[in-house]
Amino acid sequence: MPVQLVLIGLPQSGKTTVFNALTGLKAATGTFSGAEDEPNLATVKVPDPRLDELTRLFRPRRTVPAEIQYWDVAGLAKGIHERGLGGRLLGILQQASALVHVVRAFHDPAVPHPEGSVDPLRDIATIDMELLFTDLAMVDKRLQRIRSMIPKLRGPEREAHEREGAVLERLHRALSEGKPIRAIELEPDEEKLLRGFGFLTQKPLLILLNLGEERLAQAEELLAAASQHVSGPGVAVEALPGKLEMELAQLAPEEAAAFMQELGIDEPARNRVIRTSYRLLGLISFFTVGPDEVRAWTIKRGATAVEAAGAIHSDLAQGFIRAEVVHYEDLVRVGGLTEARKAGLLRLEGRNYVVQDGDIVHILFNV
């Protein structure tokens with residue numbers, strides 16, 4: 001399953017413009033009526049210059065980049081927690097790998113802000129509270145159910161419910177104090193216990209300032225202010241000029257390159273946003289290469305060789321023997337697998353080897 005990033009934000013924040021900038025699509029902007037059954041969805045190829053170089057080296061029949069999914073849902077109006085998020089919208093948010101909060105940082109008299117003025121820090125705090133109150137309601141509801149069930153239970157089942165209740169009590173206290181779940185230190189077994197809830201404040205959060213061209217000169221200042229405001233584990237801050245980047249994303253490659261050169265832009269902001277998302281989620285890429293296919297695979301940082309094998313196919317993990325590994329930079333430096341083997345750079349690793357970002361991996365396995 002690809003990485004899923006869900007764009008959220010207040011109405012009129014320019015979410016769909018940013019969605020188009022990140023995906024290159026042309027979804028209609030300014031048309032969301034609040035209906036939650038009409039999200040925009042796109043699967044985007046993750047740009048990686050290393051994959052391009054490996055394709056040049058191996059000339060495979062096909063090249064398969066890693067993928068990332070973007071969802072663009074209806075705006076979250078201030079106070080939405082009071083009536084509750086609808087089932088489909090809540091379900092999309094709960095399944096997200098991370099949330100991307102698009103924050104309005106542009107002025108446009110034709111698109112009035114719901115609060116009457118543009119204030120990024122206020123809007124960040126507003127959405128933070130909506131997510132927090134949504135989680136608090138979920139915790140409260142589950143705690144009430146657990147408390148009603150415990151007197152009727154005995155043995156291991158009662159103990160399991162008591163353990164769950166104790167963890168949820170901790171979350172309830174933290175949320176009541178305005179602390180997101182991602183800022184709470186949890187033991188591995190506690191994280192496993194909470195996995196099925198999909199708590200929104202437990203998810204990594206990317207604050208994405210949607211700049212107007214008139215505020216490009218203030219980008220660093222706005223980023224610094226937002227970073228100070230939202231500092232904490234599992235949070236990152238980026239900025240992009242949504243409207244400008246949307247226009248750029250919809251140009252042919254040659255026209256886009258000329259446009260970027262004219263504006264003094266080294267690369268599209270969407271590439272930077274994807275890299276930041278990967279860092280935020282603790283993801284890395286490894287590669288498989290050959291004459292048939294060169295492919296990028298996405299795994300969690302710290303994953304072992306056998307876990308990487310499982311990302312390719314479950315049969316490879318089950319029959320895992322060894323992994324042949326060479327790092328991308330070593331492979332490119334010597335010019336190929338044969339050369340890497342002659343130079344002693346291609347090595348055999350066991351199932352517990354921790355795969356590094358940029359490793360080229362070939363799994364040896366029993367059928």
Candidates Ile92, Leu89, Leu99, Asp72 - the one meeting side-chain contact (heavy atoms from CB on, under 4.5 Å) with Ile8: Leu99
Stepwise side chain to side chain contact (heavy atoms under 4.5 Å, CB included) test for Val139 and Phe199: CA-CA 9 Å; Val139 170; Phe199 288 122; 3.6 Å; yes
Side chains of Tyr70 and Thr43, donor plus acceptor under 3.5 Å: no
Other cluster members, Val64 - Ile/Leu/Val/Met/Phe/Trp/Tyr, side-chain contacts below 4.5 Å: none
Option among Leu7, Leu206, Leu209, Thr16 that satisfies the side-chain contact (heavy atoms from CB on, under 4.5 Å) test with Val102: Leu7
Test: Arg104 cationic atom under 6.0 Å from Phe106 six-membered ring centre, within 45° of axis: yes
Residue pair Arg347, Tyr353: steps toward the side chain to side chain donor-acceptor pair (under 3.5 Å) verdict: CA-CA 11 Å; Arg347 60 193 189 277; Tyr353 168 72; 2.9 Å; yes
Nearest heavy-atom neighbours spanning Pro241 and Asn210: C-OD1, 4.2 Å
Lys203 atom NZ: more than 12 heavy-atom contacts under 6.0 Å: yes
Between Arg279 and Thr276: side-chain donor-acceptor atoms closer than 3.5 Å: yes
Distance, nearest 0.5 Å, that separates CZ of Arg145 from CD1 of Ile150: 12.0 Å
Spatial distance of atom CG (Asp48) from atom CG (Leu54) [nearest 0.5 Å]: 8.5 Å
Sole candidate of Thr63, Val294, Asp292 that passes side-chain contact (heavy atoms from CB on, under 4.5 Å) when paired with Phe58: Val294
Separation between CG of Leu131 and CG of Leu175, rounded to the nearest 0.5 Å: 11.0 Å
Rounded distance [0.5 Å steps], CD in Glu185 versus CD in Glu190: 10.5 Å
Nearest heavy-atom neighbours spanning Ala183 and Pro233: CA-CG, 3.8 Å
Enclosure of Asp266 CG (heavy-atom neighbours >12, cutoff 6.0 Å): no
Basic-acidic side-chain contact under 4.0 Å: Glu53, Arg50: no
Presence of salt bridge, Arg322 and Glu349, under 4.0 angstrom: no
Side chain to side chain contact (heavy atoms under 4.5 Å, CB included) between Thr134 and Leu136, intermediate numbers included: CA-CA 5 Å; Thr134 297; Leu136 188 58; over 6 Å; no
Identified side-chain contact (heavy atoms from CB on, under 4.5 Å) partner of Leu5 from the options Leu281, Val273, Leu208: Leu281
Short N-O contact, Glu157 and Lys152, less than 4.0 angstrom: no
Reported CG-to-CD distance for the pair Leu168 and Glu164, which is rounded to 0.5 angstrom: 5.0 Å
Asp123 and His101 side chains, donor-acceptor separation under 3.5 Å: no
Side chain to side chain donor-acceptor pair (under 3.5 Å) assessment of Thr304 paired with Asn352: CA-CA 5 Å; Thr304 62; Asn352 294 323; 5.5 Å; no
Beyond-backbone contact of Ile312 with Phe365, side-chain heavy atoms, under 4.5 angstrom: no
Basic-acidic side-chain contact under 4.0 Å: Glu293, Arg295: yes
His113 and Gln12: CA distance, side-chain angles, deciding distance, side chain to side chain donor-acceptor pair (under 3.5 Å) verdict: CA-CA 6 Å; His113 192 290; Gln12 312 301 341; over 6 Å; no
Criterion salt bridge (charged side-chain N to carboxylate O under 4.0 Å, His left out) on Arg272 and Glu238, from CA distance to verdict: CA-CA 8 Å; Arg272 189 175 68 252; Glu238 273 290 353; 2.9 Å; yes
Minimal non-hydrogen separation, Asp357 against His327, with atom names: O-NE2, 2.9 Å
Intermediate values then yes/no, salt bridge (charged side-chain N to carboxylate O under 4.0 Å, His left out), Asp330 and Arg333: CA-CA 5 Å; Asp330 291 332; Arg333 177 167 52 82; 3.0 Å; yes
Minimum heavy-atom distance Ser13-Leu10, with the two atoms named: OG-O, 2.8 Å
Stepwise side chain to side chain contact (heavy atoms under 4.5 Å, CB included) check, Leu41 with Gln69: CA-CA 7 Å; Leu41 170 63; Gln69 279 189 347; 4.1 Å; yes
Atom pair CG (Leu132) and OG1 (Thr201), whose distance is rounded to the nearest 0.5 Å: 6.0 Å
Short side-chain donor-acceptor distance under 3.5 Å, Ser285 and Trp297: no
Lys/Arg-Asp/Glu bridge criterion (N-O < 4.0 Å) met for Arg195, Glu191: no
Single-linkage hydrophobic cluster Met246~Leu244, side-chain heavy atoms < 4.5 angstrom: no
Shortest non-hydrogen contact from Pro47 toward Asn271: CG-OD1, 3.3 Å
Polar side chain donor-acceptor pair, Arg270 to Thr23, under 3.5 angstrom: no
